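Read through the structure below, which is laid out as structure tokens, and then see the notes.
Because only heavy atoms are used, hydrogens play no part in the values below, and waters and symmetry mates are left out as well, while side chains stay in. All values derive from a computational prediction rather than experimental measurement. Order of appearance sets the numbers: ligands from 1, and atoms from 1 within every ligand.
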Amino acid sequence: MHTKIAIIGAGVIGLTSAIKLQENGFDVTIFARDIQENIASRAAPAFWIPYKAAPEEAVLKWAKESLSVYQHFGKDIGVELLPYQEFHAHPIDLPWWAKIVTDYDDIQLPHLPLGFTVGYAAKLYRIDSSIYVDYLIRRFQKQNGMLHQMAFQHLDNVPSEFQIIINCCGVSSSTFVNDPDSYPIRGQFLLTEKPEGFNTITFTSVNNDGYTLIVPRTNDCYIGGTTNEGDWNMTPDASTSTQILNRATAIVPALAGVNILKTGVGLRPGRKTVRVQTEKLNDQRTVVHNYGHGGAGFTISWGCADEVVKLVQQI
Ligand SMILES: Cc1cc2nc3c(=O)[nH]c(=O)nc-3n(C[C@H](O)[C@H](O)[C@H](O)COP(=O)(O)OP(=O)(O)OC[C@H]3O[C@@H](n4cnc5c(N)ncnc54)[C@H](O)[C@@H]3O)c2cc1C
């Protein structure tokens, strides 16, 4: 008889874990409170960048493993290798993760926008969440996976027919499993029409609260954003949206006057370190936690899912 596994969460982490477990012979059912809305995975642009996730060594390993998976995906599911440019007002060291991106290079002064003194360029994978998350759901369901919209108060409430539980509840971990190390990292963003011919992921550091991120996607353009640690507010602030758009337009003038399709907020599941770890429940069932991926859930999802499979195989 196959071991029956319940996964809590239908974000990128729950879905990727589910697919990897199915492909290793397990019978997997997903339970999720939210599927289409109100989850980090639907609020991310997203692209491959190990942002606000720790510890460094494990994140690098998972990011590298995930990169090797994205290399086999294509535009039909929202994955595309795009030019990337990064600008800073003050000198900074190369990002700690740059060593796994082969073509990282300096951008010289004449090519920097006004007000910036340092720039880097590379090619990075864009993983368009508006297409990719639904692809993961289809792949899971095609492999006979069941997805139920249902919330649990506690892990103990998961029906006893499931011998193993995988907890991929994202930012809810602070209450769902009372994890004091978990916290939200609020990100406000806009979706606009895509300016004709614009296809470069663009990132600038500004200050502790606001940065500019422009991610051209398949059918729209994502503009961020903010990183407010500990802020649970899901309502977009109008003046913040104006500031985000003004900053982005200063870098990419083609954004001036584009139609705004949506303003939104997402909560990155922040944690001191990503938690991929087993724990015994009172009823002796085992839970494997997989949460706390910060701003890098898409970037490290496949590597973390491999680790979950290894932990399940050891049970
Ligand atoms: C603005 C923003 C920009 C980002 N940009 C990027 C990027 O460019 N690249 C990148 O790699 N990452 C990015 N991220 C981070 C990435 O989106 C997250 O790390 C990732 O989505 C986390 O996935 P998750 O599945 O853990 O959580 P979520 O997607 O939040 O999913 C959690 C799931 O658990 C369910 N759940 C929670 N509690 C319960 C319960 N009690 N019972 C049942 N179900 C429950 C929820 O309903 C949901 O289905 C960004 C995030 C934000 C917000």
Side-chain angles (χ1 to χ4, degrees), residues 6-18 30-53 59 62-63 66-67 70 82 84 97 124-129 132-133 136-137 147-158 165-179 182 184-191 201 203 211 213-215 217 222-228 231 234 236 244 263-271 274-276 289-305 308:
I7 298 214
I8 312 297
V12 68
I13 299 301
L15 291 165
T16 312
S17 303
I30 300 179
F31 298 93
R33 185 186 55 213
D34 318 277
I35 297 171
Q36 295 294 337
E37 297 284 339
N38 301 324
I39 64 172
S41 302
R42 301 278 180 176
F47 72 112
W48 183 98
I49 186 166
Y51 183 66
K52 294 217 175 262
V59 168
W62 295 326
S66 305
L67 195 57
Y70 289 124
L82 292 181
Y84 167 78
W97 46 267
L124 297 181
Y125 279 93
R126 197 249 5 250
I127 307 133
D128 183 340
S129 63
Y132 179 75
V133 179
L136 292 178
I137 292 179
L147 170 58
H148 301 289
Q149 186 146 21
M150 188 187 293
F152 291 111
Q153 288 300 315
H154 303 286
L155 284 170
D156 294 337
N157 301 140
V158 175
I165 302 164
I166 317 293
N167 174 27
C168 307
C169 69
V171 73
S172 298
S173 52
S174 66
T175 49
F176 185 52
V177 289
N178 294 320
D179 185 340
S182 288
I185 309 174
R186 181 181 185 274
Q188 184 168 324
F189 64 90
L190 291 88
L191 292 181
I201 302 167
F203 175 79
Y211 60 90
L213 171 65
I214 309 165
V215 182
R217 307 202 299 182
Y222 180 106
I223 308 177
T226 59
T227 48
N228 311 117
D231 188 346
M234 287 293 289
I244 291 172
T263 55
V265 169
L267 302 179
R268 302 172 187 88
R271 194 174 188 271
V274 178
R275 186 176 189 198
V276 185
H289 298 287
N290 186 12
Y291 65 81
H293 302 77
F298 288 81
T299 307
I300 59 178
S301 54
W302 290 99
C304 292
V308 166

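- Looking from atom 39 (C) of ligand 1 to the surrounding protein, the closest heavy atom is Arg33 NH1, 4.0 Å.
- Considering backbone and side-chain atoms alike, Asn290 places every N or O at 3.5 Å or more from each N or O of ligand 1.
- For the pair Trp48 and ligand 1, the shortest N or O to N or O distance does not fall below 3.5 Å.
- Of the listed residues (Gly295, Pro45, Pro269), the one carrying the non-hydrogen atom nearest atom 5 (N) of ligand 1 is Pro45.
- With sequence neighbours left out, the ring pair (Phe, Tyr, Trp, His ring centres under 6.0 Å) criterion links Phe31 to His148, Phe152, Phe162.
- Distances below 4.0 Å separate heavy atoms of Cys168 from the following atoms of ligand 1: 32 (C), 33 (C), 34 (O).
- Ile49 has its side chain out of reach of Phe298: every pair of non-hydrogen atoms, C-beta onward, lies at least 4.5 Å apart.
- Shown in contact with Ala32 at under 4.0 Å from a heavy atom are these atoms of ligand 1, numbered in order with element: 44 (N), 49 (O).
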TODO: Run the numbers on Phe203 and Tyr211 for ring pair (Phe, Tyr, Trp, His ring centres under 6.0 Å), then give the verdict.
DONE: CA-CA 7 Å; Phe203 175 79; Tyr211 60 90; 5.6 Å; yes

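- Residue Gly297 has at least one nitrogen or oxygen atom sitting less than 3.5 Å from a nitrogen or oxygen atom of ligand 1, judged on distance alone.
- A donor-acceptor pair shorter than 3.5 Å cannot be found between the side chains of Arg271 and Ser173.
- A pairwise comparison of heavy atoms in Gly11 and Ser41 identifies CA-OG, 3.4 Å as the closest pair.
- On a distance-only criterion, Ile49 and ligand 1 share no N/O pair closer than 3.5 Å.
- Every N/O-N/O distance between Ala151 and ligand 1 stays at or above 3.5 Å.
- Comparing Ser172, Ala40, Gly14, Gly270 against atom 38 (N) of ligand 1, the shortest heavy-atom distance belongs to Ser172.
- Taking every heavy atom of Phe152 and a limit of under 4.0 angstrom, the matching atoms of ligand 1 come to 40 (C), 41 (N), 42 (N), 43 (C).
- Residue-to-ligand polar distances place Asp34 within reach of ligand 1: an N/O pair is separated by less than 3.5 Å.
- Protein heavy atom in closest approach to atom 48 (C) of ligand 1: Ile39 CG2, 3.4 Å.
- Under a 4.0 Å heavy-atom criterion, Met150 is in contact with ligand 1.
- Taking the six-membered ring for Trp and thresholds of 30 and 60 degrees, Tyr222 and Phe189 have nearly parallel ring planes, at less than 30 degrees apart.
- Looking at Thr16, its side chain never comes within 3.5 Å of a backbone N or O of Ala305 through a donor-acceptor pair.
- Set against the non-hydrogen atoms of Gly266, the atoms of ligand 1 under 4.0 Å away are 53 (C).
- Using a 4.0 Å cut-off between heavy atoms, Leu267 contacts ligand 1 through its backbone alone, with no side-chain atom that close.
- Considering only non-hydrogen protein atoms, atom 52 (C) of ligand 1 sits nearest to Arg268 CG, 3.4 Å.
- Considering backbone and side-chain atoms together, Phe176 places no N or O closer than 3.5 Å to any N or O of ligand 1.
- Checking only distances, Phe47 does come within under 3.5 Å of ligand 1, N or O to N or O.
- Interatomic distance, OG1 of Thr263 versus CD1 of Ile244, reported as 9.0 Å (0.5 Å rounding).
- Under 4.0 Å from ligand 1, not a single heavy atom of Phe203 appears.
- Those atoms of ligand 1 with a heavy atom of Ile13 less than 4.0 angstrom away are 23 (O), 24 (P), 25 (O), 26 (O).
- Interface of Ile8 with ligand 1, defined as ligand atoms under 4.0 Å from a residue heavy atom, comprises 42 (N), 43 (C), 44 (N), 45 (C).
- Looking only at heavy atoms of the protein, atom 27 (O) of ligand 1 is closest to Gly170 CA, 3.8 Å.
- Taking every heavy atom of Ala46 and a limit of under 4.0 angstrom, the matching atoms of ligand 1 come to 7 (C), 8 (O), 9 (N).
- Every atom of ligand 1 with a heavy atom of Cys169 under 4.0 Å away is listed here by number and element: 32 (C), 34 (O), 37 (C), 38 (N).
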